[in-house]
Number of protein chains: 2
Amino acid sequence: MDNPDTRFDQMLSRLRLRGFRLTPQRIAVLRILSASEGHPGAEDIYTQVKNEFPTTSLATVYKTITLLKELNEVLELGFSEGGNRYDGKNPFPHPHLICVKCKKVIDADLESLGDLTEELTQDTGFEILSHRLDFFGICPDCKGEGK
Amino acid sequence: MDNPDTRFDQMLSRLRLRGFRLTPQRIAVLRILSASEGHPGAEDIYTQVKNEFPTTSLATVYKTITLLKELNEVLELGFSEGGNRYDGKNPFPHPHLICVKCKKVIDADLESLGDLTEELTQDTGFEILSHRLDFFGICPDCKGEGK
DNA sequence: CTTCATGCAAAACATTTGCAGCTGG
DNA sequence: CCAGCTGCAAATGTTTTGCATGAAG
């Protein structure tokens with residue numbers, strides 16, 4: 001409907017620039033990460049890639065994700081249960097709303113975080129490099145259904 | 001030096017009140033969690049408990065932690081790498097400063113979080129139940145040493 | 001062509017679970 | 001006494017790794 005997938009092109013050209021090979025499997029992972037709204041997990045990505053390239057292995061998905069993390073082209077949301085989730089559209093730290101029922105992950109930008117960071121730097125002497133902010137709750141959809 | 005360990009007594013009596021058995025191993029885990037400043041991991045707790053009760057198993061440590069989580073007497077900080085960490089002194093969600101070099105975890109209260117929560121509730125329709133806020137950086141100690 | 005990526009299977013971890021035997025209340 | 005806890009070992013789930021084969025550039 002709107003303009004071409006700029007984020008996908010961006011990721012592609014950055015890999016090419018650094019001399020990484022653009023294999024079909026890799027490209028498929030890039031496309032999924034650059035396009036998906038839903039913060040997919042490794043298994044989700046694997047399932048989708050297999051639709052296009054049935055021989056793809058889960059290990060290759062992980063290897064591609066690892067590569068993209070090193071290049072700062074994907075944000076990893078680590079969880080101790082249920083596997084990690086990935087954001088390829090906006091690979092910089094930003095707040096998330098996570099539904100504890102359906103496990104949906106939604107972006108939620110809050111400008112005021114920068115202020116907190118400066119405040120903490122001054123109060124504690126920490127050199128703050130990054131952050132992670134998640135809110136857990138029940139999304140409108142899940143509040144509607146059932147109990 | 002100061003008054004008796006109120007938090008430890010609190011945890012003890014809450015377990016007793018609900019009819020859970022106070023075994024030596026369990027009590028040792030409670031004491032460590034109620035007293036430690038450093039947000040220990042399961043393995044750390046296990047090591048410390050074994051000093052007092054050498055036959056203790058790691059499984060028992062995990063089982064005790066699981067019990068305390070269910071009773072909301074400990075806060076679990078889940079990480080995808082390096083194992084989870086636990087806060088028994090303040091089991092309610094609060095911000096942490098995490099040193100990426102020495103893995104130290106320091107508490108960092110910020111009042112303004114409540115405002116953000118309300119703002120998000122209104123903007124998104126999410127019913128927010130909990131949150132997690134961590135800042136990653138380099139602590140003053142680690143900035144001093146080496147590079 | 002040569003190097004790098006893939007795919008398989010096995011390894012690595014943190015955590016959980018099943019179960020026989022022990023023990024706190 | 002006996003329900004609930006412990007300790008062992010095996011299972012689990014996710015992510016990583018080693019290595020031979022295969023394909024990108």
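Computation of the quantities below employed the complete heavy-atom set of this structure, encompassing side-chain atoms and omitting hydrogens, waters and symmetry-equivalent molecules. This structure is a prediction, so every number in the text was calculated from the model and none was measured.
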Has the side chain of B:Arg21 got a donor or acceptor atom sitting under 3.5 Å from an opposite partner on the base of D:dG4? yes

Looking at B:Thr55, I'd like to know whether one of its side-chain N or O atoms comes within less than 4.0 Å of OP1 or OP2 on D:dG7. yes

Of the listed nucleotides (D:dA24, D:dT6, D:dT16), which one gets closest to any side-chain atom of A:Tyr62? D:dT16

Heavy atoms within less than 4.0 Å of DNA chain C: which residues of residues 77-89 of chain B have one? Give them sorted by number. B:Gly83, B:Asn84

Distance criterion of 3.5 Å, no angle test: do you see the side chain of A:Lys63 paired donor-to-acceptor with the base of D:dG18? yes

When you look at B:Arg132 and B:Asp134, which way does the salt bridge (Lys or Arg N to Asp or Glu O under 4.0 Å) test go after all the steps? CA-CA 7 Å; B:Arg132 169 86 181 271; B:Asp134 295 337; 2.7 Å; yes

Remember a base hit wins even if backbone is also touched, and classify A:Glu43 as base, sugar-phosphate or nothing at under 4.0 Å, heavy atoms. nothing

Counting heavy atoms from C-beta on, name the nucleotide in D:dC5, D:dT16, C:dG25 closest to the side chain of A:Lys69. D:dT16

Closest of D:dG7, D:dC5, D:dA24 to the B:Arg26 side chain is D:dC5

What salt bridge (charged side-chain N to carboxylate O under 4.0 Å, His left out) pairs are there with at least one residue in residues 32-50 of chain A, not counting sequence neighbours? A:Glu37-A:Lys89

Ignoring backbone atoms, test whether A:Ser57 places a side-chain nitrogen or oxygen under 4.0 Å from the OP1 or OP2 oxygen of C:dC8. no

Please pick, from C:dT17, C:dT6, C:dA9, the nucleotide with the shortest atom-to-atom distance to any side-chain atom of B:Ala59. C:dT17

Between A:Gln25 and C:dG7, is there a side-chain N or O to OP1/OP2 distance below 4.0 Å? yes

